[in-house]
Undergrad: 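Take this structure first; my questions come after.
One-based numbering along the sequence shown. Note that these values count all heavy atoms, side chains included, but never hydrogens, waters or copies made by symmetry.
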Amino acid sequence: MKDLEVRTDSFIGYIPKNKKDYLKFIQLILRYADSVCFQINPFLDNIDEFNSSIWGEMADSVLDYGFARAASDPENVKHHLVLLNKDYFVWQFLKERKGIFDYTQEDSDLGITLEDPAFIKDGKVFCYTVTHEKICIVAEDIYTRL
């Protein structure tokens with residue numbers, strides 16, 4: 001998997017305050033995105049682990065996976081990422097969350113978590129989240145639509 005390329009224009013931090021803000025935010029982001037990338041911690045041995053995990057409902061959406069530079073890591077360390085097509089299954093998964101950071105539940109059998117979704121349009125990240133700091137980083141032109 002190749003490293004994620006981040007747009008070079010201005011970004012602004014955004015924190016959805018409640019479920020209503022989150023739904024407005026995720027609908028706007030998903031309308032614009034063509035794919036979504038999640039960091040998997042600690043890593044997958046193979047894609048079948050993701051397919052059999054608690055996130056297996058999105059198995060048919062997988063476009064690529066492997067180690068690459070994540071948008072949310074300023075130190076450019078490579079992380080294990082899974083790239084998903086923005087389709088019905090991914091849309092439903094994200095809309096059903098209580099918030100943008102409500103997917104860090106660990107798969108009890110595999111011991112993996114999903115974190116830091118990055119939203120991509122035309123091969124470039126325009127929005128990503130930093131789970132530990134609980135903030136979304138959004139391209140300014142998208143942010144103004146919020």
Side-chain angles (χ1 to χ4, degrees), residues 1-44 47 49-51 53-107 110-146:
M1 181 171 182
K2 67 179 192 170
D3 291 346
L4 294 182
E5 186 178 342
V6 179
R7 284 177 40 178
T8 57
D9 47 349
S10 298
F11 282 79
I12 297 175
Y14 177 72
I15 303 169
K17 296 174 185 63
N18 53 42
K19 176 76 174 190
K20 183 179 176 182
D21 281 352
Y22 167 69
L23 287 174
K24 179 181 174 185
F25 167 77
I26 202 65
Q27 286 175 350
L28 172 66
I29 296 300
L30 288 174
R31 267 183 278 167
Y32 187 74
D34 53 33
S35 57
V36 180
C37 188
F38 283 96
Q39 181 176 317
I40 297 185
N41 288 320
F43 62 89
L44 295 173
I47 198 61
E49 287 185 338
F50 180 79
N51 298 346
S53 74
I54 58 176
W55 307 287
E57 65 206 39
M58 297 185 292
D60 290 337
S61 305
V62 174
L63 297 170
D64 199 2
Y65 77 101
F67 285 95
R69 184 182 56 82
S72 61
D73 191 339
E75 297 175 12
N76 294 325
V77 175
K78 296 207 179 227
H79 295 276
H80 204 264
L81 306 176
V82 62
L83 180 65
L84 305 168
N85 185 31
K86 183 213 59 182
D87 59 14
Y88 172 80
F89 300 104
V90 172
W91 185 281
Q92 283 304 114
F93 172 78
L94 288 165
K95 282 180 54 180
E96 290 171 1
R97 305 298 104 197
K98 293 177 187 168
I100 192 66
F101 307 107
D102 178 35
Y103 48 76
T104 57
Q105 175 186 3
E106 181 176 310
D107 183 292
L110 299 172
I112 58 174
T113 61
L114 291 182
E115 290 187 14
D116 298 337
F119 301 90
I120 303 163
K121 175 73 172 177
D122 299 328
K124 294 187 179 183
V125 175
F126 69 90
C127 175
Y128 62 93
T129 65
V130 184
T131 301
H132 297 292
E133 284 76 12
K134 301 241 185 268
I135 191 167
C136 303
I137 311 299
V138 184
E140 188 173 6
D141 62 319
I142 305 297
Y143 178 86
T144 58
R145 297 180 202 174
L146 290 169

Undergrad: Output the distance between atom CZ (Arg31) and atom CD1 (Ile26), rounded to the nearest 0.5 Å.
TA: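 With rounding to 0.5 Å, CZ (Arg31) is 11.0 Å from CD1 (Ile26).
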Undergrad: Decide side chain to side chain contact (heavy atoms under 4.5 Å, CB included) for Thr129 and Phe101; before the verdict, give the C-alpha distance in whole Å, the side-chain angles of both, and the deciding distance to 0.1 Å.
TA: CA-CA 8 Å; Thr129 65; Phe101 307 107; 3.9 Å; yes
Undergrad: Between Lys24 and Leu146, which heavy-atom pair has the shortest distance, and what is it?
TA: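 Between these two residues, the closest heavy atoms are NZ-O, 2.6 Å.
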Undergrad: May I ask you to check whether over 12 heavy atoms, not counting those of Lys19, lie within 6.0 Å of atom NZ?
TA: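 Counting neighbours around NZ of Lys19, more than 12 heavy atoms of other residues, nucleotides or ligands fall under 6.0 Å, so yes.
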Undergrad: Phe93 versus Val36: any side-chain heavy-atom pair under 4.5 Å?
TA: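 In short, these two side chains do not touch, never coming nearer than 4.5 Å.
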Undergrad: Within a strict 4.5 Å, meaning less than it, do heavy atoms of the Val138 and Phe126 side chains meet?
TA: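 A side-chain contact under 4.5 Å is absent here.
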Undergrad: Applying side-chain hydrogen bond (donor to acceptor under 3.5 Å, both in side chains), name anything that partners Asp9, two or more places apart in sequence or on another chain.
TA: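 Applying side-chain hydrogen bond (donor to acceptor under 3.5 Å, both in side chains) to Asp9 gives Arg7.
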Undergrad: Phe67: which residues meet the ring pair (Phe, Tyr, Trp, His ring centres under 6.0 Å) condition with it, sequence neighbours left out?
TA: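 Result, ring pair (Phe, Tyr, Trp, His ring centres under 6.0 Å) vs Phe67: His80.
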Undergrad: Is there side-chain contact between Asp107 and Trp55, with heavy atoms separated by less than 4.5 Å?
TA: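 A side-chain contact exists here, since the closest heavy-atom pair is under 4.5 Å.
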Undergrad: My understanding is that only residues two or more places apart in sequence, or in another chain, count here; which of them pass side chain to side chain contact (heavy atoms under 4.5 Å, CB included) with Ser35?
TA: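 Scan of Ser35 (side chain to side chain contact (heavy atoms under 4.5 Å, CB included), adjacent residues dropped) gives Leu63, Leu83, Ile120.
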Undergrad: Considering non-hydrogen atoms only, spot the tightest contact between Cys136 and Pro16 and give its length.
TA: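 In this case the closest contact between Cys136 and Pro16 is SG-CD, 4.1 Å.
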Undergrad: Would Asn51 and Glu49 count as having a side-chain donor-acceptor pair, cut-off 3.5 Å?
TA: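 Their side chains do not contain a donor-acceptor pair, so the 3.5 Å distance test is not met.
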Undergrad: Atom CD1 in Ile40, atom OG1 in Thr113: separation rounded to 0.5 Å?
TA: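 Taking CD1 in Ile40 and OG1 in Thr113, the distance rounds to 8.5 Å.
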Undergrad: Among all residues two or more places apart in sequence or in another chain, which pass the side chain to side chain contact (heavy atoms under 4.5 Å, CB included) test with Asn18?
TA: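 Residues passing side chain to side chain contact (heavy atoms under 4.5 Å, CB included) with Asn18: Lys20, Asp21.
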Undergrad: Closest heavy-atom contact between Glu140 and Ile12?
TA: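 For Glu140 and Ile12, the tightest heavy-atom pair comes out as CG-CD1, 3.6 Å.
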Undergrad: Locate the shortest heavy-atom distance separating Tyr65 from Leu44; write the atom from each residue and the value.
TA: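 For Tyr65 versus Leu44, the nearest heavy atoms are CD1-CD1, 4.4 Å.
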Undergrad: How far apart are the C-alpha atoms of Lys86 and Leu30, what are their side-chain angles, what is the distance that settles it, and do they pass the side chain to side chain contact (heavy atoms under 4.5 Å, CB included) test?
TA: CA-CA 7 Å; Lys86 183 213 59 182; Leu30 288 174; 3.9 Å; yes
Undergrad: My understanding is that only residues two or more places apart in sequence, or in another chain, count here; which of them pass side-chain hydrogen bond (donor to acceptor under 3.5 Å, both in side chains) with Asp64?
TA: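 Asp64 satisfies side-chain hydrogen bond (donor to acceptor under 3.5 Å, both in side chains) with no other residue.
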Undergrad: Quick one: are Val6 and Phe11 in side-chain contact, heavy atoms under 4.5 Å?
TA: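 Yes, at least one pair of side-chain atoms sits under 4.5 Å.
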Undergrad: So with a 6.0 Å cut-off around CZ of Phe89, is the heavy-atom count from everything else above 12?
TA: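 Result for CZ/Phe89: open.
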Undergrad: Return each pair, listed once, that meets side-chain hydrogen bond (donor to acceptor under 3.5 Å, both in side chains) where at least one residue sits in residues 87-100; pairs must be two or more places apart or across chains.
TA: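 Those involving residues 87-100 are Ser61-Asp87.
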Undergrad: Taking all non-hydrogen atoms of both residues into account, name the closest pair between Leu81 and Gln39 and its distance.
TA: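 Nearest pair, atom of Leu81 first, then Gln39: CD2-CA, 3.7 Å.
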Undergrad: Measure the shortest side-chain to side-chain distance between Cys37 and Met1 over non-hydrogen atoms and say whether it is less than 4.5 angstrom.
TA: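 Result yes, sub-4.5 Å side-chain heavy-atom pair found.
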Undergrad: Nearest 0.5 Å, please: how far is CG in Leu94 from CD1 in Ile100?
TA: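 Taking CD1 in Ile100 and CG in Leu94, the distance rounds to 6.0 Å.
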Undergrad: Report yes if the side chains of Met58 and Phe50 come closer than 4.5 Å at any heavy-atom pair, otherwise no.
TA: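 Yes, side chains in contact.
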Undergrad: Tell me, please, which residues at least two apart from Phe119 pass ring pair (Phe, Tyr, Trp, His ring centres under 6.0 Å).
TA: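 Expected list: none.
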Undergrad: Is Val90 close to Asn85 at the side-chain level, that is, under 4.5 Å between some pair of heavy atoms?
TA: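 Asn85 does not reach Val90 side chain to side chain.
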Undergrad: Looking at residues at least two apart in the chain, or sitting in another chain, which of them share a side chain to side chain contact (heavy atoms under 4.5 Å, CB included) with Ile135?
TA: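 For Ile135 the side chain to side chain contact (heavy atoms under 4.5 Å, CB included) partners, ignoring immediate neighbours, are Ile15, Val130, Glu133, Ile137.
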Undergrad: Kindly confirm or rule out a cation-pi arrangement of Lys121 over Tyr32, judged by NZ or CZ under 6.0 Å from the six-membered ring centre and within 45° of its axis?
TA: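 Yes, Lys121 sits over the ring of Tyr32.
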Undergrad: Sequence neighbours left out, what passes salt bridge (charged side-chain N to carboxylate O under 4.0 Å, His left out) with Lys124? Give chain and number order.
TA: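 Result, salt bridge (charged side-chain N to carboxylate O under 4.0 Å, His left out) vs Lys124: Glu5.
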Undergrad: Just to verify, what does Tyr22 make a ring pair (Phe, Tyr, Trp, His ring centres under 6.0 Å) with, not counting sequence neighbours?
TA: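 Testing Tyr22 for ring pair (Phe, Tyr, Trp, His ring centres under 6.0 Å), a comparison that skips the adjacent residues, returns none.
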Undergrad: Suppose we screen for ring pair (Phe, Tyr, Trp, His ring centres under 6.0 Å). Which residues come up paired with Phe25, at least two apart in sequence or across chains?
TA: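 If we apply the ring pair (Phe, Tyr, Trp, His ring centres under 6.0 Å) test to Phe25, skipping adjacent residues, the hits are Tyr14.
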